[in-house]
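Input: a single structure, listed below in structure tokens.
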Amino acid sequence: MNKGISVALLIVGVLLIVWGVSAFDSASSDVSQVLTGSPTDKAIWLLVGGIIAGVVGLFGVLRAGKID
């Protein structure tokens with residue numbers, strides 16, 4: 001995997017995690033937690049997507065560093 005793509009994935013992952021935490025703490029997520037016991041789907045997908053992108057990006061950065 002190209003190191004530039006890996007860095008971009010890592011940055012996107014961090015941004016998605018920050019956005020997911022913000023969505024998790026929003027008023028709509030609070031209402032959803034009160035009514036259903038779980039946060040909104042948007043918050044969950046942002047967090048999951050951010051974690052996956054971050055892990056893939058980190059793996060790519062670490063692997064690219066060892067090959068070069």
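Scope of the values below: all heavy atoms of this structure, side chains included, with no hydrogens, waters or symmetry mates.
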Enumerate donor-acceptor pairs with a distance under 3.5 Å from any side-chain N or O in residues 11-25 to protein atoms, sequence neighbours excluded.
none

Could you tabulate the donor-acceptor pairs under 3.5 Å formed by side-chain atoms of residues 37-49, not counting sequence neighbours?
from	atom 1	to	atom 2	distance (Å)
Ser38	OG	Thr36	OG1	3.4
Thr40	OG1	Ala43	N	3.4

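Linking ILVMFWY residues whenever their side-chain heavy atoms come closer than 4.5 Å, directly or via other members, leaves Val55 and Leu62 in distinct clusters.
Of the options Ile51, Val61, Ile5, Leu9, a side-chain contact (heavy atoms from CB on, under 4.5 Å) to Val56 is made by Leu9 and by none of the others.
Cluster partners of Val34 are absent, since no Ile, Leu, Val, Met, Phe, Trp or Tyr has side-chain heavy atoms less than 4.5 Å from it.
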